[in-house]
Amino acid sequence: MSQTTSKATIGVVALQGAFSEHIFMLQRLPQLVASTVEIRSAQDFEKYKDSIDGIVLPGGESTTMSIILERETGLAQGLKQWIQDGKPIWGTCAGLIMLSDVITSTKQGGQTKLGGLRTTVRRNAFGRQSDSFEIDLEIPAIEAYGPNPATGSLKLPGVFIRAPVIEAVHDEGVQVIAKLQGREGREGEIVAVKQGNVLGSSFHPELTGDVRFHQLFVDICLQNKKN
Amino acid sequence: MTFQTPANLVAPTTNGTAAPAKNTFVLKAGLAQNLKGGVIMDVINAEQARIAEEAGACAVMALERVPADIRKDGGVARMSDPKMIKEIQAAVSIPVMAKVRIGHFVEAQILESIEVDYIDESEVLTPADDTHHIDKQKFGVPFVCGCKNLGEALRRINEGAAMIRTKGEAGTGDVVNAVRHARTLMSEIRKVQAMADEELYAYAKDIQAPYALVCEVKKLGRLPVVNFAAGGVATPADAALMMQLGMDGVFVGSGIFKSGDPAKRARAIVQAVTNYNNPKVLAEVSEDLGEAMVGINCFELKEEQQFEKRGW
């Protein structure tokens with residue numbers, strides 16, 4: 001029993017987007033993750049909410065996800081409550097957009113959100129697909145896990161696809177954990193934050209071979225579970 | 001829980017350098033990975049694009065005529081007017097795709113210059129080259145291509161396609177060919193997985209696919225890129241059928257805007273793709289959708305009317 005209680009069970013919201021990639025990455029951490037579950041509906045959420053230690057909101061199209069969540073009111077309510085209760089949740093790309101209190105550059109008429117992360121996030125901040133890019137990121141929070149085995153570098157491969165940026169953090173409770181460097185004319189944008197047990201990243205660690213950012217989130221979940 | 005190995009889980013190529021890398025295969029295939037579990041809808045103007053966006057489409061395909069009309073009108077079908085595509089880009093915040101004729105690399109250059117997010121080198125338009133497809137490796141913009149089987153899918157990926165779709169008969173409302181292609185593809189992938197390594201050489205030759213990509217399929221147990229269903233999807237049940245057959249998402253062409261209540265049908269198909277394994281939800285969303293598009297039975301099409309025969 002002690003074996004399983006020291007490991008985390010992670011729920012991945014599977015409405016649309018790169019959810020299987022997150023599950024794959026989490027399964028590459030068998031020493032930390034006992035199992036993963038897909039959450040597609042309010043029923044799934046009710047079924048799993050007491051057994052999971054953290055939730056991943058994957059990347060995808062945030063407008064699509066918000067429209068699906070508008071219909072799945074039960075699931076949206078459940079997730080909002082989860083965030084209010086201060087339980088661990090991590091949004092990548094579209095997931096970050098859903099978590100942010102303020103969203104700019106939305107579709108006409110705006111979009112619904114979960115909120116809870118005290119930030120302002122701009123959608124498609126770099127432009128269309130032709131402006132998507134990969135860049136290595138310096139993230140002190142993951143350096144304790146050692147270098148990326150594929151490159152030997154401490155930096156994390158950052159994959160930015162029609163990515164958002166965090167334009168502003170609203171108070172000191174929101175800790176900046178990664179900024180863009182090395183992009184001419186576009187330096188210093190905030191691309192990852194942590195607010196208590198809430199993690200947000202505008203890039204896609206699940207599209208790389210580097211599991212360290214996932215490890216960071218699972219550690220947050222395990223720490224929260226212990227307390 | 002079932003688990004599929006996702007595509008392209010490889011380290012990016014930046015390797016410690018400071019400068020950003022653009023137009024890499026990780027970015028091209030990665031956009032498609034973000035579209036998974038979603039519905040891509042054919043639209044012919046900004047108004048339809050907005051309806052699609054509000055319904056929850058994860059991307060739109062901008063084209064002048066939907067396949068059903070291309071079929072009806074006959075003649076040569078070409079790339080759409082760039083002005084129309086730009087209007088659609090301005091109207092919505094989701095990715096905008098557009099089609100070029102098979103082999104017509106200049107149409108692709110034009111679409112790349114107006115920054116469409118994905119190009120569909122499509123058999124729905126009249127082919128411009130009866131031997132060669134576009135060398136998609138040369139482009140920064142990602143491409144999606146159609147396939148009937150594993151060999152065709154791997155030939156397109158070898159040319160640089162970052163996303164694959166089945167080549168169901170577009171504009172018919174008959175899903176039978178999309179089903180055949182999906183089944184063929186999945187069955188050939190299972191066959192590759194069961195093969196001994198030395199059998200892969202002969203099999204690659206048989207299906208006219210590059211050996212290295214056949215090995216990759218064996219390793220991953222799936223195509224190395226995202227694979228959507230396309231062609232003939234007209235109802236929520238059709239969309240869920242394609243998902244249960246193992247597709248990653250669905251293109252819907254004429255099925256939406258040739259039906260009685262496009263907004264409602266579009267929403268229903270999006271819900272069906274999210275909840276493809278839940279017959280109760282499928283029953284709910286299938287209720288009261290109004291008239292479906294008029295169908296054409298694929299078995300009644302003459303050979304020269306079959307789009308799937310286009311592409312080599």
Side-chain angles (χ1 to χ4, degrees), chain A residues 14-21 23-25 27 35-38 40-41 58-61 63-68 71-72 93-94 105-109 123-124 127-136 148 150-153 155 157-162 181-183 204 206-210, chain B residues 1 3-24 26-31 33-39 50 53-59 89 91-96 112 115-118 140-142 248-249 267 270-271 273-275 277-278 281:
Chain A
L15 300 175
Q16 189 266 322
F19 49 85
S20 52
E21 283 78 354
I23 292 171
F24 180 68
M25 292 296 267
Q27 291 180 342
S35 63
T36 54
V37 293
E38 286 183 19
R40 290 173 185 270
S41 62
E61 265 308 310
T63 46
T64 303
M65 283 189 221
S66 71
I67 287 164
I68 296 172
R71 288 182 213 129
E72 284 281 345
C93 196
S105 252
T106 59
K107 71 175 172 67
Q108 292 172 31
R123 285 186 64 223
N124 297 346
R128 313 198 68 88
Q129 172 66 7
S130 55
D131 303 302
S132 293
F133 60 94
E134 292 182 61
I135 194 166
D136 288 336
N148 174 2
T151 62
S153 161
K155 291 185 175 181
V159 178
F160 293 81
I161 298 175
R162 290 171 50 94
Q181 274 151 3
R183 268 178 67 83
H204 291 278
E206 79 282 8
L207 300 184
T208 73
D210 193 334
Chain B
M1 199 205 73
F3 165 62
Q4 293 180 322
T5 309
N8 307 99
L9 282 169
V10 290
T13 46
T14 50
N15 202 13
T17 52
K22 291 177 105 180
N23 303 327
T24 61
V26 169
L27 296 170
K28 292 175 178 177
L31 176 56
Q33 284 173 286
N34 279 316
L35 299 176
K36 278 188 310 176
V39 182
R50 286 285 300 130
E53 184 178 41
E54 287 299 332
C58 65
Q89 286 174 320
V92 295
S93 68
I94 53 180
V96 176
E112 181 171 54
E115 299 193 307
V116 302
D117 295 299
Y118 241 94
V141 59
D248 294 318
R267 277 197 304 274
V270 170
Q271 279 172 289
V273 168
T274 309
N275 299 288
N277 260 332
N278 186 337
V281 176

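Chain naming here is simple, since letters A, B, ... match the order of the sequence lines and numbering starts at 1 in each.
With a 4.5 Å cut-off on non-hydrogen atoms, Gln89(B) touches chain A through its backbone and its side chain both. Of the two parts of Leu15(A), the backbone and the side chain both hold a non-hydrogen atom closer than 4.5 Å to a non-hydrogen atom of chain B. With a threshold of 4.5 angstrom between heavy atoms, Ala59(B) does not approach chain A through any atom at all.
Once rounded to the nearest 0.5 Å, the distance linking CG of Leu27(B) with CZ of Phe160(A) reads 10.5 Å. Atom-to-atom distance recorded for Ser130(A):OG and Asp117(B):CG is 7.5 Å, nearest 0.5 angstrom. Residue Gln129(A) holds its CD atom at 11.0 Å from CD of Glu112(B), rounded to the nearest 0.5 Å. Once rounded to the nearest 0.5 Å, the distance linking CZ of Arg123(A) with OG of Ser93(B) reads 3.5 Å. Between the OG1 atom in Thr63(A) and the CD atom in Glu54(B) there is a gap of 9.0 Å [rounded to 0.5 Å].
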*Quick one: do Arg128(A) and Val96(B) satisfy side chain to side chain contact (heavy atoms under 4.5 Å, CB included)? Show the steps, please.*
CA-CA 9 Å; Arg128(A) 313 198 68 88; Val96(B) 176; 3.6 Å; yes
*When you look at Ile94(B) and Lys107(A), which way does the side chain to side chain contact (heavy atoms under 4.5 Å, CB included) test go after all the steps?*
CA-CA 8 Å; Ile94(B) 53 180; Lys107(A) 71 175 172 67; over 6 Å; no
_Would Arg267(B) and Arg71(A) count as a side chain to side chain contact (heavy atoms under 4.5 Å, CB included) here? Give the steps._
CA-CA 10 Å; Arg267(B) 277 197 304 274; Arg71(A) 288 182 213 129; 3.3 Å; yes
*Test side chain to side chain contact (heavy atoms under 4.5 Å, CB included) on Asn278(B) and Ser41(A) and set out the steps.*
CA-CA 10 Å; Asn278(B) 186 337; Ser41(A) 62; 5.7 Å; no
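Of the options Arg162(A), His204(A), Glu61(A), a side chain to side chain donor-acceptor pair (under 3.5 Å) to Asn34(B) is made by His204(A) and by none of the others.
Tyr118(B) pairs by the ring pair (Phe, Tyr, Trp, His ring centres under 6.0 Å) definition with nothing, not counting sequence neighbours.
The shortest heavy-atom contact between Gln16(A) and Gly37(B) is CG-O, 3.5 Å. Taking each heavy atom of Thr64(A) and Cys58(B) in turn, the nearest pair found is OG1-CA, 3.3 Å.
The closest donor-acceptor contact from the side chain of Gln33(B) to the backbone of Gly17(A) lies at 3.5 Å or more, if one exists at all. Judged purely by atom type and a 3.5 angstrom limit, Arg40(A) has no side-chain atom pairing as donor or acceptor with the backbone of Asn275(B). Glu134(A) contributes no side-chain N or O that, together with a main-chain N or O of Lys22(B), makes up a donor-acceptor pair within less than 3.5 Å.
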